[in-house]
Amino acid sequence: MGSVLGFPGIDPGDAAIGARLKRWREQRGVDVDAVAEALKITPQEERRAEAGRAHLTSLQIAAATNRLRLPVWALVSDSPAY
């Protein structure tokens, strides 16, 4: 990935997961602090993940979906995995 002014580029996969995380968190009315606590990261790191500037591990994705009461596919795809 390229960079601009020394900042690392955004991974498209991380950006997509982050956008879905933010959308679902807001739809569910859950604040950043609650999701960050579930992921065992700071609220600032959680905001970075939502912006696509931080990578979430599979365990963190599972923790987020559990906290938001979602199936895992909800953060990794826009299509149900039935």
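Values in this document were obtained by computation on a predicted structure and should not be read as measured data.
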Determine all donor-acceptor pairs shorter than 3.5 Å in which one atom belongs to a side chain in residues 26-40; sequence neighbours excluded.
residue : atom : partner : partner atom : Å
D31     : OD1  : A34     : N            : 2.9

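- Between I10 and A51 the shortest heavy-atom distance is CD1-O, 4.2 Å.
- Partner of E50 under the side-chain hydrogen bond (donor to acceptor under 3.5 Å, both in side chains) criterion, out of R25, R20, K22: R25 alone.
- Distance check: T42 OG1 to R47 CZ gives 8.5 Å after rounding to the nearest 0.5 Å.
- Annotation: side-chain contact (heavy atoms from CB on, under 4.5 Å) contacts of T57 (sequence neighbours excluded): L59, Q60.
- In this structure, CG in L21 is found 6.5 Å from CG in L56, a value given to the nearest 0.5 Å.
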